[in-house]
Amino acid sequence: MADKPSRRVYVFDTTLRDGEQSPGASMNLTEKLEVARALERLGVDIIEAGFPITSPDDFEAVRAISREVRRPTVCGLARCVPKDIDRAAEAVRDARHPRIHVFLATSKIHREFKLHKARQEILRLAVEAVERAKAAADDVEFSPEDAARTEPEFLSRVVEAVIDAGATTVNIPDTVGWASPDGFRWLIEHLFESVPNIRKTVIAIHCHDDLGMAVANTLAAVQAGARQVEVTINGIGERAGNAALEEVVMALNTRPDAFGGCWTNIRTPLLHTTSRLVERVTGMVVARNKAVVGENAFAHESGVHADGVLKERTTYEIMDPKSVGLARSRLVLGKHSGRHQFKQHLKEMGFRLSDAQVTRLFFGPFKELADRKKEVFDEDIVALVESEASAGPETWRLCRLTVATATGGMPTATVELENLATGECRRDAASGDGPVDAIFKALERMTGVALTLTEYHIRAVTQGTEAQGEARLEVRYRDRTVSTRGVSTDVLEASARAYLSAINRILVRRNAVSAARQKKRRRRQPQRGKVTG
Ligand code: KIV
Ligand code: ZN
């Protein structure tokens with residue numbers, strides 16, 4: 001059994017890498033920076049900011065986050081391929097604490113069918129990759145992908161070899177969510193027993209949730225001596241997701257007796273806001289019954305339970321809602337509030353906005369909302385700030401929307417848009433099967449972008465009939481999936497805003513791609529007048 005010199009468990013957050021890989025969860029640069037800042041506030045130790053070789057956007061995001069956050073380590077992922085490693089090294093170069101994370105599959109099934117490589121070659125590639133990464137950064141993590149299905153004695157050899165090559169963290173991933181808690185505990189203990197140099201490194205774990213056991217497997221590995229947990233906010237990630245940060249952290253906090261008193265540096269009162277931020281920017285809705293951060297996590301409906309909680313909270317609540325940031329603050333701001341008060345309030349809520357952003361938000365969406373609603377709650381403010389952050393660069397702005405519906409008649413939407421690049425205003429109307437369909441048809445015709453709607457949800461951000469409505473949707477455009485949201489006191493307007501935001505994102509992307517193509521074409525054209533040999 002591993003000795004445990006320290007009870008501190010490092011939190012490695014991969015929301016921006018493994019989380020962002022989940023279909024429909026892609027974030028733009030502004031959103032990624034917003035999430036990275038929230039993770040820094042939350043107290044995570046390592047932020048895995050992306051996989052730089054995969055796209056210029058990913059590279060830019062890792063680089064921007066490396067320059068922005070100061071306290072956490074910033075990590076970039078790379079395959080065991082020289083060009084990947086060099087790109088990751090370049091992306092994290094400006095971080096105060098940079099880390100390069102290299103991975104290579106080690107299981108028989110991956111070796112034979114995916115990589116077509118023998119064990120010896122895998123060992124060689126892993127060692128060479130760690131050595132190359134080590135030349136660029138002191139802090140190097142190695143992951144034997146699909147470790148949970150790797151033959152244990154081969155896994156031990158790989159782990160020993162990469163530690164000798166300089167890996168400062170060795171992560172044991174259950175890539176396909178195949179492990180069980182007992183099996184995973186055994187595997188980690190086995191590594192501690194069979195790898196002679198294991199104490200020179202930090203052993204990490206990274207579990208996927210295909211069988212709903214990611215958190216249980218993570219905690220079992222912690223019991224066996226793992227000192228870094230690789231997690232995501234709300235458990236988002238490939239397929240069924242990764243172990244949820246909030247669940248692992250609250251399990252360690254709430255049950256020190258079960259998990260040997262292990263602790264993390266997470267500021268748990270920020271869990272709820274961080275969860276909501278990730279929910280909003282990714283468009284991946286948190287289930288009501290989700291542990292720790294779901295809407296029902298501290299709600300008591302049954303008479304017996306409610307009565308018990310009123311008499312003594314701990315009868316039915318094992319965690320204090322305040323400890324995860326769920327104490328709801330009532331009325332905070334209204335139409336008579338001033339800009340200074342608004343700015344101060346944003347600061348208290350943990351938002352870091354520039355003066356220009358505060359002014360734009362205050363005189364625009366906040367004033368509009370305060371006019372429509374008597375009471376403006378913290379949830380409303382969060383929704384406003386985040387819809388501002390997730391809106392991304394705009395080409396088209398919604399100026400006016402009129403919708404006419406009548407029983408038995410066909411709904412019609414009249415839309416006015418302004419092109420922010422050219423100043424052109426357009427007005428058009430369309431009818432559809434329902435009011436939302438009519439709005440979407442009008443927007444498509446006016447912008448020339450036709451999308452396939454794959455998901456559409458509306459919900460109230462706060463309570464009451466004058467609550468803000470939030471529309472979230474997922475659309476497909478060619479092979480790209482985009483998730484967006486829109487907020488308004490009118491759900492039809494919220495839907496229009498969400499759809500237009502998706503169109504704007506597609507247009508930004510389309511313009512960037514065509515600019516890159518033109519540049520390439522220009523480069524390929526022979527330069528006139530140039531003398532060649
Ligand atoms: O699940 C996995 O194996 C991964 C690795 C890259 C660590 O995400
Ligand atoms: Zn993973």
Side-chain angles (χ1 to χ4, degrees), residues 10-23 25-26 46-54 58 62 73-81 84-85 87-88 91-92 99-111 113-115 122 125-126 129-130 133 139-150 154-155 158-159 162 167-179 184 187-188 191 201-215 217-218 221 226-245 247-248 282 284:
Y10 298 99
V11 175
F12 174 112
D13 182 279
T14 182
T15 306
L16 293 169
R17 200 277 299 167
D18 221 335
E20 213 237 354
Q21 274 174 228
S22 29
S26 55
I46 304 111
I47 297 176
E48 186 164 52
F51 194 171
I53 195 74
T54 53
D58 243 61
V62 177
T73 293
V74 180
C75 171
L77 184 68
R79 290 170 301 180
C80 287
V81 173
D84 278 38
I85 298 168
R87 194 79 174 137
V92 297
R99 174 180 294 188
I100 302 173
H101 178 189
V102 288
F103 74 100
L104 179 65
T106 49
S107 66
K108 188 162 184 289
I109 193 161
H110 280 235
R111 289 191 319 258
F113 293 102
K114 188 180 89 175
L115 301 172
I122 297 285
L125 288 171
V130 170
D139 189 349
V140 173
E141 172 166 337
F142 177 80
S143 288
E145 192 190 7
D146 203 17
R149 292 192 301 173
T150 300
F154 179 56
L155 184 63
V158 174
V159 172
V162 294
T168 36
T169 299
V170 178
N171 175 38
I172 307 299
D174 178 19
T175 305
V176 292
W178 180 83
F184 217 40
L187 183 63
I188 303 296
L191 289 174
T201 199
V202 169
I203 290 295
I205 29 149
H206 175 115
C207 296
H208 280 269
D209 208 31
D210 299 65
L211 291 172
M213 292 193 281
V215 170
N217 290 338
T218 301
R227 284 174 52 211
Q228 176 179 298
V229 290
E230 302 206 353
V231 286
T232 59
I233 300 291
N234 299 338
I236 63 168
E238 280 280 6
R239 306 179 308 282
N242 289 58
L245 180 150
E247 295 179 26
V248 171
T282 60
M284 300 198 59

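Start at 1 and go down the list; that is how both ligands and their atoms are numbered.
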S.K.: Do Thr232 and Asn242 get their side chains close enough for a donor-acceptor pair, meaning under 3.5 Å?
M.R.: no
S.K.: Under 3.5 Å, is there a donor-acceptor pair between the side chain of Asp58 and the main chain of Phe51?
M.R.: yes
S.K.: Does Lys108, at its NZ atom, have more than 12 non-hydrogen atoms belonging to other residues, nucleotides or ligands within less than 6.0 Å?
M.R.: no
S.K.: For Asp174 and Ala179, indicate whether the former's side chain and the latter's backbone hold a donor-acceptor pair under 3.5 Å.
M.R.: yes
S.K.: Taking the Zn ion (ligand 2) as the centre, count the protein N/O/S atoms lying under 2.8 Å from it.
M.R.: 3
S.K.: For the CD atom of Glu238 and the CZ atom of Arg17, what is their distance to the nearest 0.5 Å?
M.R.: 8.0 Å
S.K.: For Phe154, is the NZ or CZ atom of Arg111 found under 6.0 angstrom from the centre of its six-membered ring and inside 45 degrees of the ring axis?
M.R.: yes
S.K.: Say you draw a straight line from CD of Glu48 to CG of Leu77; how long is it, rounded to the nearest 0.5 Å?
M.R.: 5.0 Å
S.K.: Which protein N or O atoms sit under 3.5 Å from any N or O of ligand 1? Give atom names and distances.
M.R.:
unit_1	atom_1	unit_2	atom_2	d
ligand 1	1 (O)	His206	NE2	3.2
ligand 1	1 (O)	His208	NE2	3.0
ligand 1	3 (O)	Thr175	OG1	2.6
ligand 1	8 (O)	Arg17	NH1	3.4
ligand 1	8 (O)	Arg17	NH2	2.9
ligand 1	8 (O)	Asp18	OD2	3.1
ligand 1	8 (O)	His206	NE2	3.1

S.K.: First locate atom NE2 of His101, then atom CZ of Phe12, and finally report the distance between them rounded to the nearest 0.5 Å.
M.R.: 5.5 Å
S.K.: What distance do Ile46 atom CD1 and Glu141 atom CD have between them, rounded to the nearest 0.5 Å?
M.R.: 7.5 Å
